[in-house]
Structures are given as C-alpha cells and as structure tokens.
Amino acid sequence: MTQRVAVLGTGKIGEALVSGLLRAGKAPADVLVTARRPERAAELRERYGVEAVSNAEAAKSADTLILTVKPQDMGVLLEELAPQVSADRLVISGAAGVPTAWFEERLAPGTPVVRVMTNTPVLVDEAMSVISAGSHAAEEHLLRTEEIFKPVGRTLRVPESQQDAATALSGSGPAYFYFLVEAMTDAGILLGLPRAVAADMIVQAAVGASVMLRDSGEHPVKLREAVTSPAGTTIAAIRELENHGVRAALLSALEAARDRSRELASGGR
C-alpha cells in the first residue's frame with residue numbers, strides 16, 4: 001500500500017526533502033506539506049504539485065510525519081498534532097536537541113519516533129543525515145526514514161546517546177568550513193589577491209580536498225603529509241596554526257556546540 005508522507009513546517013530543508021522524495025519517484029499526490037504562511041503553501045503547491053494542508057489534516061491522513069520546525073516551536077506543534085496522531089504513524093523529528101522520549105511522552109503510547117540530524121548540504125543533495133531510533137521504532141521505521149533522506153545525501157545510524165555529538169560535528173559542521181573559507185579568503189586579500197580570485201582558489205581547494213577525503217579512503221593525516229614537504233611552505237603554515245591553538249580551539253568549539261544541544265534538550269533557550 002502506498003505510504004503518504006507529510007512535511008510539517010516546510011522551510012528550506014523541508015522543501016529539499018519534498019524535492020528529493022519526488023525525484024526518487026514519490027507521486028505528488030502522496031506528499032503533503034504544511035506551512036505557516038498561506039503564500040508559502042501556495043508556492044509549494046505550484047512548484048511541486050503537492051497538496052498543502054493544515055497540520056491537523058496532515059496528521060490525520062499521512063502515514064509518516066516529518067517535523068522540520070525549530071526546536072522552540074516543537075511544543076506548540078505537538079499540542080496541535082497529538083490528538084490527531086495514532087500509534088500506527090511514524091513521526092520523524094529533525095529538531096536539534098529534542099530527544100525521542102520527549103515526543104513519546106506527548107504522543108499516543110507506542111508511537112514510533114525517529115530522530116534525524118541532517119545539515120544544510122541537503123539543499124544540494126550532499127547532506128549527512130544521522131538517524132536514531134526511539135524506543136518504539138523498529139527496523140521498518142528506520143528503513144522508511146533512510147528511504148526519505150537518501151535522495152538528498154548519505155545516511156548514518158547512531159545510538160541516540162550520540163545525537164548531541166552528531167549535532168555538533170555534522171549538523172553544525174558546514175558552518176565551520178564556511179568560517180574557515182571566509183578566513184582564508186581574507187588571508188588571500190591580505191597577501192594581495194583580489195577577493196574574487198582568492199575566493200575561487202579557496203572554494204576549489206575545499207571541493208578538491210573534500211572529494212579526495214571521500215573517494216581516496218586515505219586518512220586525512222596521510223593526505224596532509226602528501227602536501228607537506230620538508231622545510232616547505234605548508235609546514236611553515238601548519239606550525240603557525242599549531243602555535244595559535246587552532247586544533248585546541250576546534251575541540252573546544254565542538255564541545256560548546258554539543259553542550260548547547262544538551263541545553264536545548266533540557267528546555268534551555
């Protein structure tokens with residue numbers, strides 16, 4: 001029997017999931033969307049041919065509900081959904097820091113919940129989506145979740161106890177790379193290059209290095225050593241990075257992101 005999927009709170013990431021589902025062969029009639037603003041709902045309807053409905057209607061008619069609203073908006077959404085969600089529905093949450101147990105307490109007993117932390121490269125089909133099962137989610141629910149997220153990148157299963165670390169490392173990860181590219185572009189300007197030229201160089205270096213990391217199977221240390229000649233320019237730069245504590249700063253930054261995810265889980269704002 002055909003499964004209907006509803007994406008609730010369809011922002012950029014939700015829209016990317018809708019696009020991925022349709023490109024993977026899902027019929028538009030089997031995809032529902034909800035949006036806070038009527039004009040946004042109309043835009044999604046026109047662009048993808050899907051039906052835009054209310055949150056309550058989505059909960060009644062869809063077999064799988066994907067919740068893509070912000071963590072601070074999840075409480076209001078659950079109050080609206082809970083009376084409509086029966087225990088045979090699959091609920092997928094993309095909210096950082098919100099554990100599956102939080103949803104299970106507010107939904108019908110036995111409702112399967114799967115927690116997913118994806119990242120913004122979902123917009124270009126290069127996401128890493130980290131998946132964890134709640135206490136009532138079975139293998140079939142994990143497979144259904146993977147089927148939804150695979151068209152927009154890779155998926156990886158982890159125990160839920162590792163989700164805060166995944167949020168810090170993968171969910172927030174693209175921002176760290178953008179930060180480094182920004183800093184390296186500024187360095188190129190300092191060294192006398194036009195901004196556009198420096199940006200082109202750094203972006204292509206980042207793309208090339210990423211592909212080598214992904215496709216070569218080599219450890220990053222080995223790839224770095226291949227660029228680092230004795231008494232050369234690269235080792236001089238790496239010495240300065242170490243002198244300025246860049247490695248230690250990254251460790252501290254990811255710990256801070258992990259801790260903030262835990263704060264969100266405990267109701268922190």
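Just the heavy atoms: all of them, side chains too, but no hydrogens, waters or symmetry mates, feed the values below.
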Could you pull out the closest heavy-atom pair between [X] and [Y], with the gap in Å?
X: Leu123; Y: Lys12; answer: CD2-O, 3.4 Å
X: Ala27; Y: Leu22; answer: C-CD2, 4.1 Å
X: Ala257; Y: Ala168; answer: CB-CB, 3.6 Å
X: Leu142; Y: Ala133; answer: CD2-CB, 3.8 Å
X: Leu81; Y: Ala59; answer: CD2-CB, 3.8 Å
X: Pro112; Y: Ala137; answer: CB-CA, 3.9 Å

Looking at [Y] and [X], is any side-chain nitrogen of the basic one under 4.0 Å from a carboxylate oxygen of the acidic one?
X: Glu139; Y: Arg144; value: no
X: Asp200; Y: Arg195; value: no
X: Arg260; Y: Asp164; value: no
X: Glu79; Y: Arg106; value: no
X: Glu51; Y: Arg45; value: no
X: Lys222; Y: Glu225; value: no
X: Glu126; Y: Arg154; value: no

For residues [X] and [Y]: do they belong to one hydrophobic cluster (side chain heavy atoms under 4.5 Å, members Ile, Leu, Val, Met, Phe, Trp, Tyr)?
X: Val53; Y: Val31; value: no
X: Leu17; Y: Val114; value: yes
X: Val18; Y: Ile13; value: yes
X: Met201; Y: Leu191; value: no
X: Val91; Y: Leu21; value: no

Under the 3.5 angstrom rule, does the side chain of [X] hit a backbone N or O of [Y] as a donor-acceptor pair?
X: Arg214; Y: Ala209; value: no
X: Arg4; Y: Thr64; value: no
X: Asn119; Y: Ser170; value: yes
X: Thr34; Y: Gly9; value: yes
X: Arg47; Y: Ala42; value: no
X: Arg89; Y: Lys60; value: yes
X: Asp125; Y: Gly153; value: no
X: Thr100; Y: Val113; value: no
X: Thr68; Y: Gly14; value: no
X: Lys26; Y: Ile148; value: no

Are any non-hydrogen side-chain atoms of [X] and [Y] less than 4.5 angstrom apart?
X: Leu44; Y: Arg40; result: yes
X: Tyr48; Y: Glu15; result: yes
X: Asp63; Y: Val5; result: no
X: Ser216; Y: Leu223; result: yes
X: Tyr178; Y: Thr120; result: yes
X: Leu67; Y: Leu78; result: yes
X: Thr145; Y: Val116; result: yes
X: Leu90; Y: Leu65; result: no

Side-chain donor-acceptor pair present, Gln163, Ser132, cut-off under 3.5 Å: yes
Donor-acceptor pair between Thr111 and Glu104 side chains, under 3.5 angstrom: no
Nearest-0.5 Å distance, [atom1] of residue [X] to [atom2] of residue [Y]:
X: Leu241; Y: Ile235; atom1: CG; atom2: CD1; value: 10.0 Å
X: Asp73; Y: Leu8; atom1: CG; atom2: CG; value: 12.5 Å
X: Arg262; Y: Thr167; atom1: CZ; atom2: OG1; value: 11.0 Å
X: Thr185; Y: Ile202; atom1: OG1; atom2: CD1; value: 5.5 Å
X: Arg258; Y: Leu254; atom1: CZ; atom2: CG; value: 9.5 Å
X: Ser129; Y: Arg157; atom1: OG; atom2: CZ; value: 13.5 Å

Evaluation steps, side chain to side chain donor-acceptor pair (under 3.5 Å), between Ser54 and Glu57: CA-CA 5 Å; Ser54 69; Glu57 289 173 317; 3.2 Å; yes
Step by step, work out the side chain to side chain contact (heavy atoms under 4.5 Å, CB included) result for Gln162 and Val130. CA-CA 10 Å; Gln162 296 176 4; Val130 183; over 6 Å; no
Side chain to side chain contact (heavy atoms under 4.5 Å, CB included) between Trp102 and Met74: does it pass, once the steps are laid out? CA-CA 10 Å; Trp102 185 91; Met74 198 62 79; 3.7 Å; yes
Should we count [atom1] of [X] as having more than 12 external heavy atoms under 6.0 Å?
X: Glu39; atom1: CD; answer: yes
X: Arg36; atom1: CZ; answer: no
X: Gln84; atom1: CD; answer: yes

Go through it in stages, so that I can follow the logic: the residues are Leu156 and Met128, the test is side chain to side chain contact (heavy atoms under 4.5 Å, CB included), and I'd like the CA-CA distance, side-chain angles, deciding distance and then a yes or no. CA-CA 7 Å; Leu156 181 68; Met128 171 56 79; 3.9 Å; yes
Evaluation steps, side chain to side chain contact (heavy atoms under 4.5 Å, CB included), between Phe149 and Val122: CA-CA 9 Å; Phe149 283 86; Val122 69; 5.7 Å; no
